[in-house]
Amino acid sequence: MNKAPVEVSIDELDYAGPDQDELVRIWNELAFKSLLEKLDYTAEATEKEDLNFEVLETVDASLLEDGMAVHLELYDEHYHSCDLLGVSLASEKATYVIPMEVVVESDALKAWLEDASATKYMSDSKAATAAFLRKGIKIDGVDFDLMLGAYIVNPSLKYTDLADIVREYGYSDVSTNEQVYGKGAKKKVPEAADLNEHMARKARAIFNVRPVVVKKLEENEQFDLYDKLELPLAKVLGQMESLGVKVDRGQLADMGVELKRKLGMIEQEIYSLAGQEFNINSPKQLGVILFEQLGLPAIKKTKTGYSTAADVLEKLEGKHEIIHHILMYRQLGKLLSTYIEGLLKEIHEDGKVHTRFQQALTTTGRLSSTNPNLQNIPVRLEEGRKIRKAFVPSQPGWVMVAADYSQIELRVLAHMSKDESLIEAFQSDLDIHTKTASDVFNVSLEEVTSDMRRAAKAVNFGIVYGISDYGLSQNLNITRKEAADFIERYLASFPGVQGYMTSIVEQAKKDGFVTTLMNRRRYLPDINSSNFNLRSFAERTAMNTPIQGSAADVIKQAMIEMDIALEREGLQSKMILQVHDELIFEAPAEELEKLMELVPEVMESAVKLNVPLKVDIASGDTWYDTK
DNA sequence: AAACGCACGC
DNA sequence: GACGTACGTGCGTTTG
């Protein structure tokens, strides 16, 4: 639900009634009531405007026009594996439903879908593209994507359902998937008449709402971001997902056996040290053992009991031998459950994993990755890093290539803040954390100690991710006061950054939103809140989102250009993954030399900043070896 | 089924 | 001083 857009600042009115937060609360209550009424209203289903549509048993090419809404109905969100239920079409004058068995038999429809010059309006075109591909249909000519458009207009709204998207634009003549299919164990495909109407209403909704979204994008000067970045990216991502990543099942299985053996031994050791058996995976039981039976000091609490999180346990490491074993058990258990067993479950019949990149989800503009998540494969600790040995090229004689942007967020910050010292540092290609330490601690580069560099790195981390002094104090295990002092010294050393931070917050307070390099927006409804926590959070978000979001803009641009460059150079090499600041490829060995030159060139020139972009690249037989 | 605690990435 | 911790996904446990 939207936060109340209280436009008038009550502070300025010397008003004795409820304060701004109270008004927000009242407004939200009213909005919630009206939402409940709306839900009741739609639950009656009969209240929707009648929609006439035709169910086609054959597809006559003459029905297929340019600028039609096209919708592929999928049974669930796992479009690399779920059932395809049918296609619906909508134009100014007509609405059609084409049952799936007709779709797969129709050459006319296939030809039209594959015709790049036949423009189509869709929603979540990436899902449709990938799913159609499973039926041998290479859809082209996607000219509009409702979901992406709506996401660019407001990335903070979480909608997984078309009905929720169009409702945001005042259109309520389409049911949610949950209303049509049910949920959980009761989920099922309804009878044909209901399914057909649902599909028909979706195509109609896309067609009718499109102009409203386009107008909003144009008003906000975001049409290019949508049309030249997100829409072409959807096609590139769809190709990457469909191609997938080859996984060495045997390698994972072997690691699993070894992990289980180690876990069994650690488990016995823990029971022995505890003097009893218990479920180590239960924080509740573990808490009782550690803080009641063994009498260790409980440093931190959660809302339900003792905290047994790693940062707490690490502080207890000297106090009892059991702690070390629990930390080890946690680390290896994570590897086994998530990265061995979890990953094995995701391998398709082709021996590959086909992640889905969520392109309309994060508030900053980053992608996310699910089923499996390939953006959080371990790398930091060696034991975990070995998981990457299981990610291999899909063909013999091919290799893996990984290219990552060096300090892209801080380079973006240098550009946006125009901070002279930061710009100079990147132009000289200095180690940025050492340079930061040198400025903050007022010593020469040579005099920077490893502790000084570590502290500076944490501060840079804080700047990039918008953490609070409290967050920094937790990171560095220092007091909040000391952390605040660090930040103050940082900002004094980089006055350009100081000025940027001040002005971006001012701007957010004035406009109610912040923007990135490519005009991606994030609204900050709490920026003027009288609640300290809400307001502080919004202020940090104001500082952080342009940095993280602009970095996302840059790599997205690079991906589009990389796709074009591979095609232009006639290479067989494929881009297969994106992990926020890095791109991963598989390549025939013969193309390696060419690729190692091409990739950094394309990535470094994707966007022109007032500091250079720098890319590190490496190749190897597995993902693990690209280091 | 949903909420929680925890842990992995950038 | 506030009281919590950038952005995500997924696992196992507990709770309802």
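Chain A is the first sequence line, chain B the second, and so forth, proteins listed ahead of strands; every chain is numbered from 1. What you see below is based on every heavy atom in this structure, not just the backbone, and it leaves out hydrogens, waters and symmetry mates. Since the structure is predicted, the reported quantities are computational estimates derived from the model, not experimental observations.
- At a threshold of 4.0 angstrom between heavy atoms, the contacts of A:V379 are confined to the sugar-phosphate backbone, with no base atom among them.
- Between A:T302 and B:dG5 there is a side-chain N or O to OP1 or OP2 distance below 4.0 Å.
- Nucleic acid contact for A:I377: sugar-phosphate only, since backbone atoms but no base atoms lie under 4.0 Å from a heavy atom of the residue.
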Under a 3.5 Å cutoff on both atom distances, Watson-Crick or G-U, what's the dot-bracket for DNA chain B ([ ] crossing, | other strand)?
|||||||||.

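- Residue A:K334 places none of its side-chain N or O atoms closer than 4.0 Å to OP1 or OP2 of C:dC11.
- Within 3.5 Å, a donor on the side chain of A:R366 pairs with an acceptor on the base of B:dC10, or the reverse.
- Protein atom CZ of A:R380 is 11 Å distant from nucleotide atom P of B:dA7, rounded to whole Å.
- At the heavy-atom level, A:A310 lies under 4.0 Å from the strands shown only through sugar-phosphate atoms.
- Nucleic acid contact for A:T338: sugar-phosphate only, since backbone atoms but no base atoms lie under 4.0 Å from a heavy atom of the residue.
- Backbone-only engagement by A:S369 is indicated by non-hydrogen atom pairs under 4.0 Å involving sugar-phosphate atoms exclusively.
- Within 4.0 Å of A:E409, counting heavy atoms only, lies no atom of the nucleic acid at all.
- Backbone-only engagement by A:R522 is indicated by non-hydrogen atom pairs under 4.0 Å involving sugar-phosphate atoms exclusively.
- For A:S307 and B:dC6, the shortest distance from a side-chain N or O to OP1 or OP2 is below 4.0 Å.
- Regarding contacts with the backbone of C:dT9, every side-chain N or O of A:Q358 stays at 4.0 angstrom or more from both OP1 and OP2.
- Closest approach of A:V153 and A:Y523 over heavy atoms only: O-CE1, 3.6 Å.
- A ring-centre distance under 6.0 Å is not found for A:Y490 and A:F486.
- Within 4.0 Å of A:Q375, counting heavy atoms only, lie sugar-phosphate atoms of the nucleic acid but no base atom.
- Under the stacking criterion of a centre-to-centre distance below 5.5 angstrom and an interplanar angle below 30°, A:Y470 sits stacked against the six-membered ring of C:dG4.
- Nucleic acid contact class of A:L335 (heavy atoms, under 4.0 Å, all strands): none.
- Side-chain nitrogen and oxygen atoms of A:T545 include none within less than 4.0 Å of the OP1 or OP2 phosphate oxygen of C:dC7.
- Between the side chains of A:K126 and A:Y79, at least one donor-acceptor pair of N or O atoms lies under 3.5 Å.
- Between A:H348 and A:H80, the two ring planes are perpendicular [angle over 60°; tilted spans 30° to 60°].
- Base pairing of C:dC3 is not made with any nucleotide, judged by Watson-Crick or G-U wobble geometry with both donor-acceptor distances under 3.5 Å.
- Look at A:K300 and you won't find any side-chain N or O under 4.0 angstrom from OP1 or OP2 of B:dC6.
- Only one option out of A:K457, A:K614, A:R453 pairs with A:D431 in a salt bridge (Lys or Arg N to Asp or Glu O under 4.0 Å); it is A:R453.
- Here the CD atom belonging to A:E383 is positioned 10.5 Å from the CD atom belonging to A:E258, to the nearest 0.5 angstrom.
- Under the 30°/60° scheme for interplanar angles, the aromatic rings of A:Y306 and A:F291 are found to be tilted.
- Comparing atom distances between the A:N373 side chain and each of C:dT9, C:dC7, C:dC11 picks out C:dT9 as nearest.
- Distances shown here put a side-chain N or O of A:N279 below 4.0 Å from the OP1 or OP2 atom of C:dT13.
- Applying the 4.0 Å criterion to OP1 and OP2 of C:dT9, one finds that A:T370 has every side-chain N and O outside that range.
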Test log, rule side-chain hydrogen bond (donor to acceptor under 3.5 Å, both in side chains), inputs A:T436 and A:N460:
CA-CA 8 Å; A:T436 303; A:N460 280 330; 3.1 Å; yes

